[in-house]
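Reminder, nothing fancy here: chain letters follow the sequence lines and each chain counts from 1.
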Amino acid sequence: MPLFWLILIVLVIAAVGYMLGRSRALANAGGDSRELHSLPSYYGWNVALKAMVPTFVLLIVWLLVQPLYVNSVISGMIPANVIDDGSSRGLVMAEVRRAANGLDNAVAQGVMDEEFARNARADFTDVSQVLKDAGQIVTTEVTQPVLRAAQRYRIVNATGYQIMSIVAVVLALAGTLFALRETRALFRARNVVELGIHALLVGAASIAVLTTVGILLSLVFNTWEFFKLYPASDFFFGLNWAPSFSGRGGSSDLGVLPLLWGTFYISIVALAVAVPIGLFAAIYLSEYASPRIRSIAKPLLEILAGIPTIVYGLFALLTVGPLLLKVFGNEGLGWMQAGTAVMTAGLVMGIMLIPFVSSLSDDIINAVPQAMRDGSYGLGATQSETIRQVVIPAALPGIVGAILLAASRAIGETMIVVLGAGAAARLSLNPFEAMTTVTAKIVSQLTGDADFASPEALVAFALGMTLFVLTLCLNIIALYIVRKYREQYE
Amino acid sequence: MNDMTVMDSTVEAQRTKMAAQNVNVYYGDTHAIKDVNVEIEDKTVTAFIGPSGCGKSTFLRCLNRMNDTIDICRVTGDILLEGEDIYDKRVDPVQLRAQVGMVFQKPNPFPKSIYDNVAYGPRIHGLAKNKADLDEIVERSLRRGAIWDEVKDRLQSPGTGLSGGQQQRLCIARAVATEPEVLLMDEPCSALDPIATAQVEELIDELRESYSVVIVTHSMQQAARVSQKTAFFHLGNLVEFGPTGQIFTNPEDPRTESYITGRIG
Ligand SMILES: Nc1ncnc2c1ncn2[C@@H]1O[C@H](COP(=O)(O)OP(=O)(O)O)[C@@H](O)[C@H]1O
Ligand SMILES: [Mg+2]
């Protein structure tokens with residue numbers, strides 16, 4: 001039975017349970033809803049929840065566990081001599097799953113009947129042909145053992161799902177009956193529903209937290225794997241970044257410093273662009289602009305924040321790079337060799353960060369109490385004196401926080417760097433040279449057909465971890481400063 | 001109102017410092033001040049009283065053009081300082097506010113040190129020749145603000161760390177430091193406890209020797225205690241203006257009488 005129908009059936013059971021629970025409670029109170037402990041609908045929800053929640057929990061767990069179980073059963077079935085040299089049990093299992101999938105789809109398309117899919121034994125070359133004709137991807141000829149395993153795989157899976165459907169429906173019915181039995185006028189249905197909602201919210205929050213923890217753990221474990229293959233001191237203090245892919249042989253230099261240098265250099269150029277422009281724009285918007293101008297200019301500025309960074313990357317590659325090359329290249333000052341450079345990426349990233357700095361600073365400047373400004377005007381200060389000597393100093397901690405947040409965005413930015421700064425890892429002071437950053441190298445280490453167990457691929461996790469720790473520290477400092485500043489006026 | 005001690009108002013008449021003639025103020029379409037004429041004398045404390053929303057603050061803010069900072073506010077009529085119209089095009093409102101200082105309802109020290117708070121005005125207007133000069137101005141202003149003894153050992157600590165009453169006296173010292181001729185105070189005691197209020201009132205009485213002081217208050221006792229002249233506002237009109245003693249003991253207008261006996265308000 002397809003999962004969709006199963007879910008529908010459970011929902012229908014719950015809906016019927018809702019009606020029954022409601023009417024049973026009312027009947028128990030002699031039709032007078034004032035005699036009930038809770039509003040009638042709560043009794044209904046109590047029944048519906050008890051029908052649905054255990055069933056859905058069971059379904060989720062079952063769907064997670066069954067593939068693991070089936071895999072272990074089937075892979076035990078594959079004789080060891082089937083596994084070629086250079087292959088592994090995992091690869092053969094992947095083939096089995098592909099074949100089983102192919103059979104499923106072939107049956108669904110009607111090119112093969114169920115009986116044939118289950119029992120075809122002698123003419124397995126035929127099976128491969130039928131599958132290919134049906135447009136199913138079969139890598140090689142389906143061999144006898146693989147076909148057997150695939151057939152077995154389908155049968156075990158199908159049985160599993162059948163049992164699951166039956167158990168689910170029974171559980172839903174049992175929940176309904178149990179809840180109906182406890183439905184009495186004085187039953188505290190309202191509290192039970194409250195508890196259910198509480199659990200729902202806790203569940204959502206824990207999924208979010210657990211995912212974060214999961215991502216973090218995978219980062220940590222893979223970083224650990226990497227450091228088993230490559231010495232940590234060489235990674236952190238190495239001055240050279242020259243990965244060699246396993247195909248070519250030879251050992252790689254995986255020093256992070258050139259990448260960190262590129263990251264910082266580009267971020268600093270970006271902040272040098274974004275901070276003054278963003279801050280001045282914020283001051284203009286919050287202190288000088290009339291409400292009409294503000295209501296037009298602020299959203300316009302914030303549109304900049306909505307542009308996907310790949311578009312900024314294109315802008316860097318196709319517009320800013322050639323423009324800089326014209327001025328600083330061989331025809332001009334002769335400092336620049338190609339359009340991709342720290343300057344190109346930094347300028348464009350700075351433009352990307354302007355709305356970020358300006359809208360945060362604008363909020364912070366607006367939070368400075370009007371009484372401060374009045375006090376200053378009342379002493380005969382002009383507007384710009386007031387801003388320079390009272391408003392900005394009062395808002396400074398918050399502005400610093402905003403800048404740190406912008407910095408952590410700059411450090412994590414990828415697309416602009418890939419397109420605007422080039423791919424050469426280099427320790428150089430010349431801003432017109434191509435350099436690259438941690439993020440861009442993570443991309444290039446994982447794209448292409450790398451072996452995921454080699455240090456050249458695993459280094460991506462170590463790079464990711466480094467980046468994560470850096471931005472985390474920046475964010476913590478920034479949030480601490482911003483929060484501390486908020487308390488000042490409360 | 002016989003329980004109120006009214007000050008002896010035999011203070012000799014002083015020359016006119018500021019004069020308002022036919023002043024009207026509008027906030028957009030709201031007519032907040034209607035045809036007000038008032039003369040504010042030198043070396044005198046003038047109190048503005050009246051029910052809340054009657055336009056006391058609005059009128060006070062006209063006297064140093066603080067209303068210029070509100071977009072929708074429009075002022076007509078003449079306001080003269082030493083006979084010169086302060087709304088004249090040639091007058092720089094920024095310079096004017098150094099002459100006509102202001103203390104606000106809520107103490108609003110800048111988030112700077114006590115010293116820098118007081119030195120703010122003198123620095124902006126270049127009143128000090130050198131550091132020693134500035135030190136002296138700060139000390140003199142803090143003494144006039146009757147807060148020197150409490151803060152002389154911690155001039156570098158932040159002004160926001162003082163108690164409410166101290167903060168308000170710091171704000172008064174800050175206003176005094178720019179050597180204004182007139183000092184406007186908008187309910188300077190409404191955020192203070194009775195002891196701090198008494199200190200500030202005492203201070204106001206001392207300030208009268210050097211300045212012309214205008215104080216908005218919602219407390220009639222306070223007006224009676226500190227002022228020599230009182231103006232009663234009602235719904236944007238100036239109902240009655242005269243010596244404080246006369247307003248409180250023998251008001252001419254029935255509305256004034258109702259207010260001071262507690263029937264309006
Ligand atoms: N910034 C402003 N914008 C619009 N209306 C204002 C503003 N300030 C005051 N008003 C209006 O002007 C009138 C007088 O206010 P205000 O001078 O503050 O009274 P008071 O200080 O006597 O309590 C009130 O009706 C008030 O609503
Ligand atoms: Mg007021």
Side-chain angles (χ1 to χ4, degrees), chain A residues 279 283-298 361-402 480-490, chain B residues 57 60-61 63-72 92-113 116-127 141 158-161 167-168 170-180 183-186 191:
Chain A
L279 197 56
I283 291 173
Y284 172 73
L285 283 181
S286 60
E287 299 286 324
Y288 287 91
S290 70
R292 231 172 59 87
I293 293 180
R294 188 182 150 88
S295 71
I296 298 169
K298 205 172 176 203
S361 307
D362 181 55
D363 291 346
I364 290 158
I365 290 172
N366 271 328
V368 174
Q370 182 62 30
M372 289 296 149
R373 300 187 181 89
D374 284 348
S376 175
Y377 294 142
L379 290 169
T382 63
Q383 192 162 14
S384 77
E385 283 166 347
T386 303
I387 291 167
R388 237 177 322 125
Q389 306 201 21
V390 176
V391 177
I392 296 295
L396 197 61
I399 291 172
V400 170
Y480 173 77
I481 293 175
V482 170
R483 198 165 297 161
K484 195 164 167 204
Y485 155 80
R486 283 228 178 92
E487 283 162 7
Q488 228 172 42
Y489 296 115
E490 277 162 11
Chain B
S57 301
L60 192 74
R61 290 162 63 90
L63 299 180
N64 71 343
R65 295 187 59 174
M66 275 299 277
N67 282 334
D68 290 13
T69 62
I70 299 172
D71 291 332
I72 55 168
D92 173 12
V94 171
Q95 209 54 45
L96 170 76
R97 289 183 204 130
Q99 285 171 283
V100 183
M102 187 153 200
V103 174
F104 297 83
Q105 180 166 0
K106 229 179 112 212
N108 58 350
F110 303 134
K112 299 171 181 289
S113 71
D116 287 340
N117 260 284
V118 180
Y120 185 82
R123 277 185 179 140
I124 284 179
H125 300 293
L127 299 184
S141 308
T160 41
Q167 284 187 11
Q168 193 62 302
L170 175 65
C171 290
I172 293 172
R174 186 176 72 183
V176 165
T178 54
E179 301 288 347
L183 198 56
L184 309 176
M185 299 184 171
D186 191 351

Checklist entry - chain B heavy atoms under 4.5 Å from A:Ser376: which part of the residue, side chain, backbone, both or neither? => result both
Next on the checklist: Considering only residues two or more places apart or on different chains, which pairs with a residue in residues 367-383 of chain A satisfy salt bridge (charged side-chain N to carboxylate O under 4.0 Å, His left out)?
Outcome noted: A:Glu287-A:Arg373
At a heavy-atom separation under 4.5 Å, does [X] approach chain A through its side chain, its backbone, both, or neither?
X: B:Phe104; result: side chain
X: B:Pro93; result: neither
X: B:Arg123; result: neither

Checklist entry - Can you tell me if B:His125 uses its side chain to pair, donor with acceptor, with the backbone of A:Leu379 under 3.5 Å? => result yes
Checklist entry - Using a cut-off of under 4.5 Å for heavy-atom pairs, which of A:Gly378, A:Pro393, A:Ser290, A:Pro291 has the most such pairs with chain B? => result A:Gly378
Item to check | Heavy-atom check, side chain of B:Pro122 versus side chain of B:Glu179, under 4.5 Å | outcome: no
Item to check | Test: B:Arg174 cationic atom under 6.0 Å from B:Phe110 six-membered ring centre, within 45° of axis | outcome: yes
Checklist entry - Given the options B:Met66, B:Gln95, B:Met102, B:Lys106, which has more heavy-atom pairs under 4.5 Å with chain A than any of the others? => result B:Met66
Item to check | side-chain contact (heavy atoms from CB on, under 4.5 Å) partners of B:Gln105, counting only residues at least two apart | outcome: B:Glu187, B:Ser190
